[in-house]
Amino acid sequence: MRGRRIFLVLVLLGGVAAAAFWLLSGPRLREPLVENVPEEAAAYARVDVKALLRSSWWRRFVTERGGDRGLQRMREQCGIEPSDQLAELAAYVGAEGQSLDHVTFLARGPFDHDSLGDCMRQIVEQDGGGLRRVEIDGVPGVAGARGDSRIAFLGRDGAAFGNERSVRQVIAIAREERPHVGGTLRELHDAVWAGETPPEVVAVAVLPEGWRRAIRERVQAPGVFGEALEKLRALAASARVSRGLALSVRVRFEDASVVEPLVEQARLQRDALLDDPLLGLTAAGPALRRVAVEGQGSEVVLAVDLDESLAERLVELAQRMLQRPERRRRRPRTESPVLDAPSTEAPSTEAPAP
């Protein structure tokens with residue numbers, strides 16, 4: 001009996017060692033995460049998860065509106081704090097992408113694979129689904145019981161999630177078997193990523209003609225702004241959200257002819273808003289005064305940096321503005337038993353009190 005137990009322990013340890021070797025010896029995600037994006041991608045975004053989840057913006061506009069139920073479910077059912085497992089999360093989409101089915105996610109963090117795996121399986125099974133272990137081009141992963149969604153584990157700290165084709169692309173890039181993104185998308189990414197401390201949120205998009213056409217159809221802008229939309233080519237944004245709000249936006253056009261008039265018109269619009277005395281009484285006034293707009297070649301660059309106090313006031317203002325339309329739409333009809341009940345008394349003939 002004792003020999004059998006020793007044998008079982010050796011088998012278990014051997015299995016753990018084999019699993020660790022499988023994870024550690026395979027390809028790893030490249031650094032930074034944009035290096036894992038295929039060259040045909042049209043848009044890319046990356047967030048510092050811990051900074052975002054702890055920001056007042058996330059708390060006010062996501063948590064308080066019930067938008068992070070999935071994360072809350074992991075905390076309550078599995079005792080897992082997502083920000084402890086996940087350091088950074090990125091996503092990219094190809095030019096053909098029209099829905100979330102075409103979005104691929106990249107994640108990096110100190111994953112506890114066993115705990116995360118058990119939690120994922122528990123939640124998926126509760127929702128009527130299932131998970132199964134798979135191997136994707138020699139890389140360990142999991143797949144749903146239905147469909148072609150896959151999660152591939154690249155080393156101990158990396159993962160790629162999307163349809164099978166896109167996950168295979170990420171694996172090939174990690175192995176340097178195919179090129180990663182370059183051109184305009186990478187140029188704009190590096191422009192907003194620059195600095196001693198990387199921004200906590202980055203979003204970049206090179207707009208295919210189909211996307212630009214959709215924007216022009218939905219945004220009816222007059223004059224200079226309409227002309228600029230016709231020549232819109234790409235845009236990029238970065239933000240610091242952990243302390244106040246620092247935002248930088250770069251908009252690239254097909255040529256520089258629209259830049260100077262667009263910058264001038266944007267400054268005129270800003271100044272006109274600042275002339276409104278009512279606006280100056282809100283947080284929007286001092287926030288607008290800190291907005292800088294300038295032209296750089298074929299790009300318009302906008303930047304603003306708000307301290308914690310002003311950012312908090314701006315969050316409260318935005319929240320109130322978003323709540324007002326909801327209150328008007330949802331305001332219930334007030335029924336008073338006195339006002340709505342039919343009167344059984346003759347109307348009074350007394351004159352109203354002065």
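This one's a predicted model, so the numbers in the text were calculated from it and none came from an experiment.
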Check ion pair R267-D271 (N to O, under 4.0 angstrom): no
Residues E88, R108: salt bridge by 4.0 Å N-O rule: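 Judged by the 4.0 Å cut-off on N to carboxylate O distance, E88 and R108 do form a salt bridge.
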Ring geometry between F153 and H113 (parallel below 30°, tilted from 30 to 60°, perpendicular above 60°): perpendicular
What's the spacing between [X] [atom1] and [Y] [atom2] if we round to 0.5 Å?
X    : Y    : atom1 : atom2 : result
S309 : L314 : OG    : CG    : 11.0 Å
L245 : L306 : CG    : CG    : 5.0 Å
Q85  : L116 : CD    : CG    : 4.0 Å
L235 : L188 : CG    : CG    : 8.0 Å
L262 : F253 : CG    : CZ    : 5.0 Å
L268 : L273 : CG    : CG    : 11.0 Å

Is it the case that the side chain of [X] and the backbone of [Y] share a donor-acceptor pair, with hydrogens and angles ignored and the cut-off at 3.5 Å?
X    : Y    : result
Y44  : V34  : yes
N36  : R30  : yes
E39  : P179 : no
R28  : G155 : no
E200 : S242 : yes

Heavy-atom neighbours of E254 CD exceed 12 at 6.0 Å: yes
Heavy-atom neighbours of E230 CD exceed 12 at 6.0 Å: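 Counting other residues, nucleotides and ligands, CD of E230 exceeds 12 neighbours.
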Residue pairs passing the disulfide bond (SG atoms under 2.5 Å apart) test where at least one lies in residues 102-148, sequence neighbours excluded: C78-C119
Summary of disulfide bond (SG atoms under 2.5 Å apart) pairs that have at least one residue in residues 275-310, sequence neighbours excluded: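 Disulfide bond (SG atoms under 2.5 Å apart) check on residues 275-310 returns no pairs.
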Non-hydrogen side-chain atoms of T282 and R320 separated by less than 4.5 Å: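 Side-chain contact under 4.5 Å: no.
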Contact summary for [X] and [Y], nearest pair of heavy atoms:
X    : Y    : value
A143 : V134 : CB-CG1, 3.8 Å
V202 : H189 : CG1-CD2, 4.0 Å
P27  : I171 : CG-CG2, 4.4 Å

Same apolar cluster (I L V M F W Y, side chains within < 4.5 Å links), [X]/[Y]:
X    : Y    : result
L317 : L310 : yes
V103 : I173 : no
V219 : V251 : yes
I136 : V37  : yes
V301 : V224 : no

Sequence neighbours excluded - salt bridge (Lys or Arg N to Asp or Glu O under 4.0 Å) pairs with any residue from residues 113-132: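 Salt bridge (Lys or Arg N to Asp or Glu O under 4.0 Å) check on residues 113-132 returns R73-D127, D118-R121.
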Summary of salt bridge (Lys or Arg N to Asp or Glu O under 4.0 Å) pairs that have at least one residue in residues 293-313, sequence neighbours excluded: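 Matches after skipping sequence neighbours: R60-E312, R240-D305, R250-E299, R252-E299, R290-D307.
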Any pair counted as side chain to side chain donor-acceptor pair (under 3.5 Å), so long as it reaches residues 213-227, sequence neighbours left out: E209-R216
Under the salt bridge (charged side-chain N to carboxylate O under 4.0 Å, His left out) test, residues paired with D255 that sit two or more places apart: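 D255 satisfies salt bridge (charged side-chain N to carboxylate O under 4.0 Å, His left out) with K231 only.
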Matching residue for E81 among K50, R54, R75 - test: salt bridge (Lys or Arg N to Asp or Glu O under 4.0 Å): R75
CA sep, side-chain torsions, deciding dist, call: E164, R150, salt bridge (charged side-chain N to carboxylate O under 4.0 Å, His left out): CA-CA 6 Å; E164 186 171 358; R150 301 287 186 271; 3.3 Å; yes
